[in-house]
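Presented below is the structure to which this report refers.
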There are 2 protein chains.
Amino acid sequence: MNKPPEKAPPDPGVRERLLASAIDCFDRKGYAACSVREIVEAAGVTKPVLYYHYGSKEGIFNALMRQAMDQFDELLERASHSEGSARDRIEKLFGEVFDLFKRSIPLVRVMNSIYYGPPQGVPRGDADRVHFAFQEWVKKRLVEGRNAGEFKIAKTEDAMWALIGALNVATELELCHPDLALTQKDLQRVVGVVFDGIASEEGRAPRRAAKRR
Amino acid sequence: MNKPPEKAPPDPGVRERLLASAIDCFDRKGYAACSVREIVEAAGVTKPVLYYHYGSKEGIFNALMRQAMDQFDELLERASHSEGSARDRIEKLFGEVFDLFKRSIPLVRVMNSIYYGPPQGVPRGDADRVHFAFQEWVKKRLVEGRNAGEFKIAKTEDAMWALIGALNVATELELCHPDLALTQKDLQRVVGVVFDGIASEEGRAPRRAAKRR
DNA sequence: CCTTACCTACCTACCGGTAAGTATATTCGC
DNA sequence: GCGAATATACTTACCGGTAGGTAGGTAAGG
């Protein structure tokens, strides 16, 4: 990270450098074990600069979370306009979510540790909202697929949890063992096991290849 | 927590009180955001007592992890002597693991946050070993079930991840939303969706009720 | 002149860990 | 059996360092 020239004009990249430095630090140590001093040093500025731009240590954390939520919201928004069979649409969204996660591993690791783990002094923010939105989206597709004769489902929530579990397990393997991580093809096969479990007779037709973007 | 009488004979319960206090604090705030001072105050002793018994802050954390690993090892050991169809055995172990987790939520929450999240200054310890042992166990049962004609599996790992995903998603819901947590029956049904996805024709016989202990 | 962006120096509080000591129980040597 | 030595379990007071945050100031741009 380059240190800006002393007393030069305002540095347009400070905010971004602080964010990058913060997520790197939070990912390596967790929120509570990261000091503001370390974050600003890596960004090449002084401590009050962080307070100037983000208000507090928690402020910069919230900015990172907001960034992540916005990206996820966009994905969901696009997915609500997608077309195809229920299965295809779910597979497509799962593939895109998995891609997004793979591109944002440090952020995902930090977010998950706050959502499923101890709070460490920061609130969960909007995490509940996006989790529930995702669950609702999947459930809606399952209901549509059942109504269209694609699935035979006794209880929608069961199928939803089985599907989300498949996506989560792939994500978590990426978090704890990047060397053993599943590929997109792997994920689609694991999700495919779940789909096989809910497929109706007509839904058991030979499986299409999952569409990629 | 009762404070021991001043200058009384050695207190036999100090170690346990410290452990209970530590897991409570780690669960509420995470490892790094918990201070030794807070842990010992809640246990009704002074700081050097923790260092006397456990050597360091990390020492008491490791003692907690060891406890958890031991419990899990016992479960796996017992499960390797269980009998029944592959599916029954997997369902039984999953039910017992889920029960153990439900009885140890604070510990599970802390362990997961270290395993899947940023390290926070403590090593992962034996977590890899138990995760891999569990995966191996499930995989073995799947192979047995396939060889016995119970399952029709293209790739064992896919089915394993789908099953473990189902167990994990139930566990994680417990961690982040105890108010919405799945019951044992819920879990068995979610796992059942996965089993439906790998069942062979004969394996599609009407499902037995999962045995409870 | 005002606003924006940043700096140096500092604040209070607290961190993990330790030194030196005390109290009690047990063991050892006589 | 008795006193000294040792082991165990705990205390008060302290160490050096650092945590998040702030006061007061300067420089550049509009």
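To find a chain, count down the sequence lines: A is the first, B the second, and so on, and within it residues start at 1.
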Over how many whole Å does the gap from B:I60 atom CD1 to C:dG16 atom P extend?
12 Å
Just say parallel, tilted or perpendicular for the rings of B:F26 and B:Y31, cut-offs at 30° and 60°.
tilted
Taking OP1 and OP2 of C:dC15, is either one under 4.0 Å from a side-chain nitrogen or oxygen of B:R37?
yes
To the nearest angstrom, how far is B:R15 atom CZ from D:dA9 atom C1'?
12 Å
Of residues 46-55 of chain A, the positions that come close to DNA chain C - non-hydrogen atoms, cut-off under 4.0 Å:
A:T46, A:P48, A:V49, A:Y52, A:H53
Using modelled atom types only, decide if a donor and an acceptor are shared between the side chain of B:R89 and the backbone of B:G84 within a distance under 3.5 Å.
no
Any A:S35 side-chain nitrogen or oxygen under 4.0 Å from OP1 or OP2 of D:dT18
no
Rounded to whole Å, how long is the line connecting atom NZ of A:K29 with atom P of D:dT18?
11 Å
Can any side-chain N or O of B:R28 pair as donor or acceptor with the backbone N or O of A:P118 at less than 3.5 Å?
no
Rounded to whole angstroms, how far apart are CD1 on A:I39 and C1' on D:dT18?
14 Å
CD1 of B:I90 to NZ of B:K140: how many Å apart, nearest 0.5 Å?
12.5 Å
Are A:F101 and A:F94 an aromatic pair by the rule of ring centers under 6.0 Å?
no
A:E58 CD to D:dA19 P, straight-line distance once rounded to whole Å:
18 Å
Test side chain to side chain contact (heavy atoms under 4.5 Å, CB included) applied to A:R146 and A:V143, step by step
CA-CA 5 Å; A:R146 187 193 57 198; A:V143 169; 4.0 Å; yes
For B:Q120 and C:dG16, give me the distance from atom CD to atom C1', rounded to whole Å.
16 Å
